[in-house]
Amino acid sequence: MDITSLKYFVKVCQNNSFSRAAKELFITQQAISRIIKNLEKEIGAPLFYRDSKGVYPTELGKYILPKAEALVKEFENFVAEINDMVNKKKERLRVGFAPGTLQVLGVKEIVEFESKYCNIEIEIGEYTDVDCELNVLNGFLDLALTVKPKDKKRFKYYHLIKENLIAIVNKNNPLSHKKSIKFEDLKDEKFIILDDTFRIQRVLMEHFKKAGFTPNVYYKSSHDLNVAYDFVELNKGIFVFVEKLTHVEKYNNICCIPIDEPDVFWDVGFIVKKNTKISPAAEKFINYFLSKHGSSRTT
């Protein structure tokens, strides 16, 4: 005997009909008849008798009915209380990801975190690096995974990932024969670059300046990397980007050259608004991924 059988028994009593009870329970009449028959077999006595007007509880059925109703109601209240407790304890966490960061972090790891911390409800979205910073400052996001910000007064930064940069060049460019290059090697080239909503662009401009030149820009892209690759394929310029995020397999005339500079890399981590208490959910999220990547935990 289980609570489902008792629930179905009560419904049949209330409706004096197997078909009407089945309709209310969204099951077939055959299914509810089978469940009641098994219940009667388990008890060892019939619970209903039938006539042309419907089905009615036997004397035993009348005795069981109020007790079954009380048990069903108590069980439903119990389930409702559990659901309320779970829902009340759920913490909402709003996380922003700059382009490419979720790809490096791994969607699977996000799902694993949700499985481990089922009381945390994550809301994620992709934003430019600039919008990640703005949305953390205005409170729209609790934290974001983005390029290390220069503004140390308004952001607290937790380093997570460091990736190498490469130069994506056409195979007809003489640089394509080099095993590695430095920024000085690029001073006479044309460039396809990303716009200023990508913080990596700020980093690159600093290195161009250190190398003693201002880049000759052929095209500035706002978001579409394929357009940048297309221009390199047509030998219209060089595109400097993150090695792990570069996918040029379908292009026949492109090659990728490592940039051999000790301080040239894509530094990505979590940002939160400085001088603001980090929520328990945000702290768990940050520490989970910092520990996975061998970085220092929050304190």
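Just so it is clear, the model here is predicted, and its values are computed rather than measured.
The distance from the OH atom of Y229 to the OG atom of S221 is 10.0 Å, given to the nearest 0.5 Å. With values rounded to the nearest 0.5 angstrom, K7 atom NZ is found 11.0 Å from I35 atom CD1. Between the CG atom in L141 and the NZ atom in K273 there is a gap of 12.5 Å [rounded to 0.5 Å]. Here CG of L186 is found 4.5 Å from CZ of F191. Values are rounded to the nearest 0.5 Å. Between F18 atom CZ and L25 atom CG the span is 12.0 Å, to the nearest 0.5 Å. Annotation: the span from H247 atom NE2 to Q103 atom CD amounts to 4.0 Å, rounded to 0.5 Å.
Annotation: side chain of E189 is in contact with side chain of L175 (closest heavy-atom distance under 4.5 Å). Between F285 and E283, every side-chain heavy-atom pair lies at or beyond the 4.5 Å cut-off. Residues T128 and T146 form no side-chain contact, since every pair of their non-hydrogen atoms from C-beta on lies 4.5 Å or further apart. Taking 4.5 Å as the limit, some side-chain heavy atom of R92 sits within range of a side-chain heavy atom of E123. In this structure, L47 and L60 have side chains that are in contact, with non-hydrogen atoms separated by less than 4.5 Å. The shortest distance between side-chain heavy atoms of R154 and K274 does not fall below 4.5 Å. Side chains of E261 and F183 form a contact here, defined as non-hydrogen atoms less than 4.5 Å apart. Taking the side chain as every heavy atom from C-beta outward, I120 and F113 approach each other to under 4.5 Å.
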#### Entry: side chain to side chain contact (heavy atoms under 4.5 Å, CB included) between I110 and F97, worked out
CA-CA 12 Å; I110 299 290; F97 291 90; 3.9 Å; yes
### Task
Run the numbers on I27 and Y8 for side chain to side chain contact (heavy atoms under 4.5 Å, CB included), then give the verdict.
CA-CA 10 Å; I27 63 172; Y8 289 4; 3.6 Å; yes
### Message
Run the side chain to side chain contact (heavy atoms under 4.5 Å, CB included) test on I192 and V217 for me, step by step, so that the C-alpha distance in whole Å, both residues' side-chain angles and the decisive distance to 0.1 Å come before the verdict.
### Response
CA-CA 6 Å; I192 292 93; V217 178; over 6 Å; no
### Task
Quick one: do E121 and E91 satisfy side chain to side chain contact (heavy atoms under 4.5 Å, CB included)? Show the steps, please.
CA-CA 6 Å; E121 185 176 342; E91 298 177 80; over 6 Å; no
### Stepwise side chain to side chain donor-acceptor pair (under 3.5 Å) check, T197 with D195
CA-CA 6 Å; T197 59; D195 68 20; 2.5 Å; yes
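Note: the hydrophobic cluster containing L165 also contains L160 (ILVMFWY, side chain heavy atoms under 4.5 Å, direct or indirect links). Clustering ILVMFWY residues whenever any of their side-chain heavy atoms sit less than 4.5 angstrom apart, transitively, puts F155 in a cluster other than the one holding L143. L137 is not connected to V272 by any chain of hydrophobic side-chain contacts under 4.5 Å among Ile, Leu, Val, Met, Phe, Trp and Tyr, and they are in different clusters. Taking hydrophobic clusters as Ile, Leu, Val, Met, Phe, Trp and Tyr residues chained together by side-chain heavy-atom distances below 4.5 Å, L134 does not share a cluster with F198. L234 is not connected to V240 by any chain of hydrophobic side-chain contacts under 4.5 Å among Ile, Leu, Val, Met, Phe, Trp and Tyr, and they are in different clusters.
Under the 30°/60° scheme for interplanar angles, the aromatic rings of F241 and F239 are found to lie parallel.
Counted within 6.0 Å of NZ on K190, heavy atoms from surrounding residues, nucleotides or ligands total 12 or fewer; the atom is thus considered open. Within 6.0 Å of the NZ atom in K171, the count of heavy atoms belonging to other residues, nucleotides or ligands exceeds 12. Enclosure of atom CD in E74 is not indicated, since only 12 or fewer non-hydrogen atoms of other residues, nucleotides or ligands lie within 6.0 angstrom.
Residues C256 and I168 share a closest heavy-atom pair of SG-CG1, 4.2 Å. Across all non-hydrogen atoms, the minimal contact from V130 to D196 is CG2-O, 3.6 Å. Smallest separation of non-hydrogen atoms from N172 and N170: N-OD1, 2.8 Å. The shortest non-hydrogen separation linking N226 to Y251 is O-OH, 3.4 Å. In terms of heavy atoms, I238 sits closest to A167 at CG2-CB, 4.1 Å. For D142 against R94, the heavy-atom pair with the smallest separation is OD2-N, 2.7 Å.
Looking only at distances, a side-chain donor or acceptor of D51 sits under 3.5 Å from a matching main-chain atom of G54. Side chain of D131 to backbone of Y127: no donor-acceptor contact under 3.5 angstrom is found. Of the possible polar contacts, none joining the N15 side chain to the S17 backbone as a donor-acceptor pair under 3.5 Å is found.
Taking the six-membered ring wherever Trp is involved, the centroid distance between the rings of F213 and F208 falls below 6.0 Å. When ring centroids are compared, F48 and Y56 stay outside the 6.0 Å threshold.
Using modelled atom types, one finds a donor on one side chain and an acceptor on the other under 3.5 Å when comparing D2 with S5. Neither side chain, Q201 nor D129, offers a donor N or O lying under 3.5 Å from an acceptor on the other. Side chains of Y157 and D267: a donor-acceptor N/O pair is present below 3.5 angstrom, by distance only.
A cation-pi contact links K162 to F265, judged by a cut-off of 6.0 Å to the six-membered ring centre and 45° from its axis.
A salt bridge links K150 with E206: at least one charged nitrogen is closer than 4.0 Å to a carboxylate oxygen. Remark: K210 engages D263 in a salt bridge, criterion side-chain N to carboxylate O under 4.0 Å. K182 has no carboxylate O lying under 4.0 Å from a charged side-chain N of D185, or vice versa, which leaves the two without a salt bridge. Between E133 and R199 a salt bridge is recorded (basic side-chain N to carboxylate O distance below 4.0 Å). Residues K62 and E59 are paired through a salt bridge, judged by an N-O separation under 4.0 Å between the basic side chain and the carboxylate.
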